[in-house]
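Accompanying notes for the structure given below.
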Amino acid sequence: MIDIRLAREAPGPLRAALARKGAAELLDELIGADDAWRALTGRVDELRARTKLKGKPSSGQVAELQAVKEELHEAEAALAGAAQRRADLLNRLPNPPAPDVPDGVSEEDALEVRAVGERPRFEFAVKDHVELGGFDLDRGARLSGSRFVYRRGALAMLELAMYRYALDRLVGLGFELVLPPVLVREEAMYGTGFLPTEEVNIYKVERDELYLTGTSEVALAGLHQGEVLELDDLPARYAGYSTCFRREAGAAGRDTRGAFRVHQFDKVEMFVYTTPERSAEEHEAILAIEEELVQGLGLAYRVVCTAAGDLGPSAAKKYDIEAWMPSQERYREITSCSNTTDYQARRLNVRFRDGERGLRVVHTLNGTAMTARWLIALVETYQQPDGSVAVPEVLRLLGAPAGLGPS
RNA sequence: GGAGGGAUGGCAGAGCGGACGAAUGCGUCGGUCUUGAAAACCGUUGUGCCUUCGGGCACCGUGGGUUCGAAUCCCACUCCCUCCGCCA
């Protein structure tokens with residue numbers, strides 16, 4: 001949610017920023033709805049003031065009050081309607097992009113920030129992760145449908161070591177480890193901006209009115225919902241580990257082979273609450289941690305900055321890390337870190353006490369520290385001519401097997 | 001799943017339908033006193049919205065209802081606690 005005062009006081013720059021996300025007209029509508037709402041607010045407040053009495057009214061006054069009551073009912077109904085329209089628009093209006101985000105509307109318009117690491121070269125026919133073994137897609141599909149996958153044996157051990165690798169680093173950096181619920185209420189989905197816009201991509205448990213989260217970002221953002229944080233506690237950094245669920249509704253036919261795009265996967269997520277003054281710096285810090293984690297596994301990657309029109313509703317700015325996928329011969333997204341500024345925090349009403357300045361809305365950020373997708377890049381990158389896979393030492397130290405593949 | 005009890009300010013805890021945005025205590029912050037601190041005393045202390053900046057309005061778990069008027073009465077829901085049953 002944006003700060004409505006910004007829309008009233010300086011609609012020009014805000015409108016220009018929102019235009020880059022294709023939401024300029026939405027802002028115009030909102031400003032109109034806000035004007036209407038304010039006019040009705042004044043009228044209702046005035047009528048209510050007239051109903052206020054000290055002590056018992058005389059019978060003449062009662063008749064008069066009854067008349068006011070009727071008028072008030074009408075005005076209140078009008079106000080409720082106006083408030084609803086205003087709230088709907090406010091809910092749908094996306095976070096304006098940061099000024100240094102590139103123009104554009106699609107993935108192709110993203111700006112490549114840098115490419116790091118040497119892409120692996122192979123003197124033999126490259127196998128993809130499915131051929132390298134351990135991913136049981138057929139049985140996953142039989143059990144649950146397409147885009148569900150079993151990871152088995154040594155591969156599963158490797159995957160767990162990868163989560164542990166990321167979590168250990170994060171805890172070492174002062175992040176608090178959190179194992180969150182994955183079923184949440186509608187409120188949390190709205191608060192984080194996944195609803196109403198992303199509704200088609202979310203699994204809903206109708207019977208219990210709960211939603212399965214597509215990332216632990218939802219639960220971590222909801223962690224301090226409605227709270228007032230102390231300045232001394234900021235930045236508050238959390239590392240969440242959870243299973244993530246996504247319907248992939250818009251992705252029919254895309255990435256159908258293998259475990260690259262699945263309905264259920266696991267992820268280690270960073271989530272930070274901070275002050276507005278610090279959030280840009282925190283964003284770069286989260287990106288740096290992601291890069292360090294990727295580098296630590298020896299993967300080749302590039303960093304891209306997502307174009308304004310390709311950003312989700314919540315993000316003001318987003319960096320993705322794309323790892324080199326040998327079987328696809330291209331970089332594919334393995335992390336995503338966003339500065340959601342005050343957008344989620346305002347929806348979730350998370351504030352902090354800032355001395356003389358009083359209560360202020362915090363900024364929130366999130367970023368991927370590890371997902372099952374990394375596993376794909378890893379096994380493909382470390383494959384050997386005989387179809388086995390070497391495992392980096394950092395992971396072996398955390399319980400990963402010495403290697404995978406044909407025994 | 002069954003049976004009870006509860007939800008009021010940072011916390012504890014009052015609150016005959018009008019004087020209640022709310023007693024009191026603790027805590028907070030400021031001051032007096034003190035070499036300093038403690039104690040004591042004095043004062044202060046919720047949030048949001050609108051504003052012609054005088055002020056006005058809303059909020060006592062949430063949503064409805066009764067009434068000229070609801071923290072207070074009625075209904076529904078949510079959450080928490082206790083007991084029973086079931087359960088990783």
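Predicted model only: the values in this text are computed from it and were never measured. Note on naming: letters A, B, ... go to the chains in the order of the sequence lines (proteins, then strands), and numbering restarts at 1 for each one.
Following rounding to the nearest Å, A:E76 (CD) and B:A58 (C1') show an atom-to-atom distance of 11 Å. Atom-to-atom, CG of A:D35 to P of B:U51 comes out at 10 Å; the value is rounded to the nearest Å. Rounded to whole angstrom, the span from the CD atom of A:E209 across to the C1' atom of B:U78 amounts to 12 Å. Here B:A70 presents its P atom at 12 Å from CG of A:L65, a figure rounded to the nearest Å. When rounded to the nearest whole Å, the span between NZ of A:K52 and C1' of B:A19 equals 13 Å. Here the P atom of nucleotide B:C68 and the CZ atom of A:R48 are 18 Å apart, to the nearest Å. Distance, A:D45 CG to B:U51 C1': 10 Å, rounded to whole Å. The interatomic distance linking A:I4 (CD1) with B:U51 (P) rounds to 12 Å, in whole Å.
Mapping A:R8 and A:L359 onto RNA chain B by nearest heavy atom places A:L359 closer to the 5' end of the strand. Nearer to the 5' terminus of RNA chain B, by closest-nucleotide assignment, is the contact made by A:R353 (compared with the other of A:R353 and A:T51).
Judged by Watson-Crick or G-U wobble contacts below 3.5 Å, the nucleotide B:C11 has B:G25 as its partner. Pair assignment for B:C49 gives B:G56, based on Watson-Crick or G-U wobble hydrogen-bonding distances that are each under 3.5 Å. Checking B:G4 for Watson-Crick or G-U wobble geometry (two distances, each under 3.5 Å) identifies B:C81 as its partner. Remark: B:C16 base-pairs with no nucleotide; criterion is Watson-Crick or G-U wobble with both hydrogen-bond distances under 3.5 Å. Remark: B:C73 base-pairs with B:G65; criterion is Watson-Crick or G-U wobble with both hydrogen-bond distances under 3.5 Å. With a cut-off of 3.5 Å on both Watson-Crick or G-U wobble distances, the partner of B:G30 is given as B:C42.
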Evaluate A:E248 against A:R261 for side-chain contact (heavy atoms from CB on, under 4.5 Å), listing each step before the verdict.
CA-CA 8 Å; A:E248 298 294 347; A:R261 188 180 297 278; 3.2 Å; yes
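B:U24 and B:C42 are spaced 13 Å apart, taking the P atom of each and rounding to whole Å. A gap of 34 Å separates the C1' atoms of B:G31 and B:C49, to the nearest Å. Separation of the C1' atoms belonging to B:G9 and B:C59 is 12 Å when rounded to the nearest angstrom. Rounded to the nearest Å, the gap between the P atom of B:C74 and that of B:G17 is 11 Å. Across B:G55 and B:C73, the matching P atoms stand 35 Å from one another, rounded to whole Å. Taking the P atoms as reference points, B:A22 lies 13 Å from B:U44, given to the whole Å. Distance noted for atom C1' between B:C80 and B:G61: 10 Å (whole Å). Straight-line distance between the C1' atoms of B:A70 and B:C20: roughly 11 Å, to the nearest whole Å.
Taking 90° from 0 as the syn/anti boundary, the base of B:G6 is oriented anti.
Residue A:R351 has a polar side-chain atom (N or O) positioned under 4.0 Å from OP1 or OP2 of B:G48.
With B:C68, B:A58, B:C79 as the choices, the nucleotide that has an atom nearest any side-chain atom of A:R185 turns out to be B:C79. Taking only side-chain atoms of A:T41, from C-beta outward, the nucleotide of B:C50, B:U47, B:A58 with the closest atom is B:C50. When distances are taken from the side chain of A:A49 to each of B:U47, B:C49, B:C57, the shortest belongs to B:C57.
Using a 4.0 Å heavy-atom cutoff across all strands shown, A:R43 reaches no nucleic acid atom at all. Across all strands, A:R5 comes closer than 4.0 Å only to sugar-phosphate atoms, never to a base (heavy-atom distances).
Between A:Y319 and the choices A:N339, A:V304, A:L287, the side-chain contact (heavy atoms from CB on, under 4.5 Å) rule is met once, by A:L287.
A salt bridge links A:D320 with A:K318: the distance from a Lys NZ or Arg NE/NH1/NH2 to an Asp or Glu carboxylate oxygen falls below 4.0 Å. Here A:E29 does not pair with A:R85 in a salt bridge; the nearest charged N to carboxylate O distance is not below 4.0 Å. Salt bridge annotation for A:R278-A:E282: present, with a cationic side-chain nitrogen under 4.0 angstrom from a carboxylate oxygen.
Annotation for A:E74: atom CD does not count as buried by contact number, only 12 or fewer foreign heavy atoms lying within 6.0 Å.
With hydrogens and angles left out, the side-chain atoms of A:Q344 and A:T192 include no donor and acceptor closer than 3.5 Å.
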